[in-house]
Amino acid sequence: MSTRPGPGSAFPSLSIGMDSCVIPLRHGGLSLVQTTDFFYPLVEDPYMMGRIACANVLSDLYAMGITECDNMLMLLSVSQSMSEKEREKVTPLMIKGFRDAAEEGGTAVTGGQTVVNPWIIIGGVATVVCQQNEFIMPDSAVVGDVLVLTKPLGTQVAANAHQWLDNPEKWNKIKMVVSREEVELAYQEAMFNMATLNRTAAGLMHTFNAHAATDITGFGILGHSQNLAKQQKNEVSFVIHNLPIIAKMAAISKASGRFGLLQGTSAETSGGLLICLPREQAARFCSEIKSSKYGEGHQAWIVGIVEKGNRTARIIDKPRVIEVLPRGASAAAAPDNSNAASEPSS
């Protein structure tokens with residue numbers, strides 16, 4: 001992170017290492033905030049893959065508390081191994097999914113680049129010019145803050161387990177801990193969560209005086225927590241006590257011997273925001289984000305605390321796993337976690 005002054009100004013600046021770059025502009029106290037991201041498909045539905053890719057790009061802005069995006073570009077590569085018929089079917093659906101998610105985020109896709117490649121790749125660029133009060137620098141956590149997470153973990157586990165339904169060798173390793181129906185429900189839940197924008201959470205960061213945030217993606221909750229901790233101005237460390245995980249995904253992670261979900265190293269795609277909030281605001285944030293006025297599907301859990309330390313992050317030895325039921329699952333299928341917004345003990 002850089003806090004160098006911009007040209008002729010003393011405005012904050014952010015460069016390589018965090019979710020978005022923040023570049024002070026020459027004109028009137030404005031800053032350019034920009035991010036880019038792309039990845040390979042991980043769900044079977046091309047329309048949903050487009051939505052997920054767009055949500056993932058925008059999430060880097062939302063992690064800064066920014067709720068408006070001025071422009072998006074789309075990056076798309078179609079596989080040379082696909083037939084012409086497959087390309088004509090899949091490509092428009094991915095583009096439509098990306099555009100629809102951008103529209104939901106109040107922005108538009110005005111350009112980009114499409115190429116032929118050995119692999120399908122989808123992503124984009126998000127850009128906004130804003131005033132300093134429109135973004136929250138990710139560097140002001142204080143001792144006593146509480147860590148809040150706005151989407152459950154386990155998206156990679158759910159996507160992989162869904163693929164394993166058709167792979168007897170891998171399915172045999174996990175079939176004792178999960179049913180095929182539970183895998184299908186978890187996959188649908190993961191897909192829904194990944195396609196959900198973090199825009200509501202970004203807006204509430206301002207309402208509840210957030211001190212710092214990041215989004216949880218490829219480095220898992222531990223990796224991104226460690227990265228955020230390194231950026232802090234104060235001598236603090238993050239301690240994670242609770243892990244909200246899509247139901248049964250923790251058991252799959254253990255049984256398969258892969259992912260490192262309970263260790264916090266399992267990759268996520270288009271995950272939730274991890275937000276440092278004042279202790280007195282955290283429970284209210286978790287309650288507010290679930291309000292029906294923001295639409296269906298927003299959730300939040302208190303997962304940890306900010307304590308005095310040397311800018312590190314860790315997960316306690318035996319974190320509490322909060323089994324998050326997929327929509328459509330029986331309420332009797334998992335333990336009650338109605339107290340999930342309660343504060344963790346130190």
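The basis for the numbers below is simple: all heavy atoms, side chains too, and nothing from hydrogens, waters or symmetry mates. Because the structure is a prediction, the values reported are computed rather than measured.
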Are any side-chain N or O atoms of [X] and backbone N or O atoms of [Y], one a donor and one an acceptor, separated by less than 3.5 Å?
{"X": "Ser256", "Y": "Ser253", "result": "yes"}
{"X": "Glu235", "Y": "Lys308", "result": "no"}
{"X": "Ser77", "Y": "Val115", "result": "no"}
{"X": "Asn193", "Y": "Ala190", "result": "no"}
{"X": "Ser270", "Y": "Ala195", "result": "no"}

In this structure, would [X] and [Y] fall into the same cluster of hydrophobic residues linked by side-chain contacts under 4.5 Å?
{"X": "Leu73", "Y": "Ile120", "value": "no"}
{"X": "Val177", "Y": "Val157", "value": "yes"}
{"X": "Leu262", "Y": "Trp301", "value": "yes"}
{"X": "Leu185", "Y": "Phe192", "value": "no"}
{"X": "Met82", "Y": "Trp119", "value": "no"}

[X] versus [Y], closest heavy-atom pair with distance:
{"X": "Ile121", "Y": "Phe38", "answer": "CG2-CD1, 3.3 Å"}
{"X": "Thr150", "Y": "Leu273", "answer": "OG1-N, 2.8 Å"}
{"X": "Leu76", "Y": "Ile95", "answer": "CD2-CG1, 3.9 Å"}
{"X": "Asp70", "Y": "Thr107", "answer": "C-OG1, 3.7 Å"}
{"X": "Leu32", "Y": "Val129", "answer": "CD1-CG2, 4.1 Å"}
{"X": "His206", "Y": "Asn133", "answer": "CE1-O, 3.6 Å"}

_Results of side-chain contact (heavy atoms from CB on, under 4.5 Å) for Glu44 - residues two or more places apart only_ =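 side-chain contact (heavy atoms from CB on, under 4.5 Å) list for Glu44, sorted by chain: His162, Tyr187.
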*Which residues satisfy the side-chain contact (heavy atoms from CB on, under 4.5 Å) test with Gln281, sequence neighbours excluded?*
Phe208, Asn209, Pro278, Arg284
Got more than 12 heavy atoms from elsewhere within 6.0 Å of [atom1], [X]?
{"X": "Glu103", "atom1": "CD", "answer": "no"}
{"X": "Phe39", "atom1": "CZ", "answer": "yes"}
{"X": "Glu86", "atom1": "CD", "answer": "yes"}

Flag for [Y]-[X]: side-chain donor and acceptor within less than 3.5 Å:
{"X": "Lys175", "Y": "Asn172", "answer": "yes"}
{"X": "Thr127", "Y": "Gln34", "answer": "yes"}
{"X": "His298", "Y": "Thr196", "answer": "no"}

Heavy-atom check, side chain of [X] versus side chain of [Y], under 4.5 Å:
{"X": "Val148", "Y": "Cys286", "answer": "yes"}
{"X": "Met194", "Y": "Val43", "answer": "yes"}
{"X": "Met191", "Y": "Met49", "answer": "no"}
{"X": "Ile221", "Y": "Ile240", "answer": "yes"}
{"X": "Phe238", "Y": "Gln232", "answer": "yes"}
{"X": "Ser225", "Y": "Leu274", "answer": "yes"}
{"X": "Met205", "Y": "Leu277", "answer": "no"}

*Mind checking what makes salt bridge (Lys or Arg N to Asp or Glu O under 4.0 Å) contact with Glu268, not counting sequence neighbours?*
none
_Please identify which of these residues, Thr269, Asn198, Thr217, Asp37, meets the side-chain hydrogen bond (donor to acceptor under 3.5 Å, both in side chains) condition with Asn56._
Asp37
*In terms of side-chain geometry, is the basic nitrogen of Glu189 or Lys151 positioned less than 4.0 Å from the acidic oxygen of its partner?*
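Here Glu189 does not pair with Lys151 in a salt bridge, since their nearest N and O are not under 4.0 Å apart.
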*salt bridge (Lys or Arg N to Asp or Glu O under 4.0 Å): pairs with one or both residues in residues 256-266, sequence neighbours excluded*: none
*Scan for salt bridge (Lys or Arg N to Asp or Glu O under 4.0 Å) pairs involving residues 201-221, sequence neighbours excluded, and state none if there are none.*
none
_Passing option when Glu104 is tested against Arg51, Arg99, Arg199 for salt bridge (Lys or Arg N to Asp or Glu O under 4.0 Å)_ = Arg51
*asked:* Enumerate the ring-ring contact (aromatic ring centres under 6.0 Å, His included) contacts for residues 57-110, please, sequence neighbours excluded, ordered by first and then second residue.
replied: none
*Candidate list Thr110, Val109, Val128, test side chain to side chain contact (heavy atoms under 4.5 Å, CB included), partner Met72, passing option*: Val109
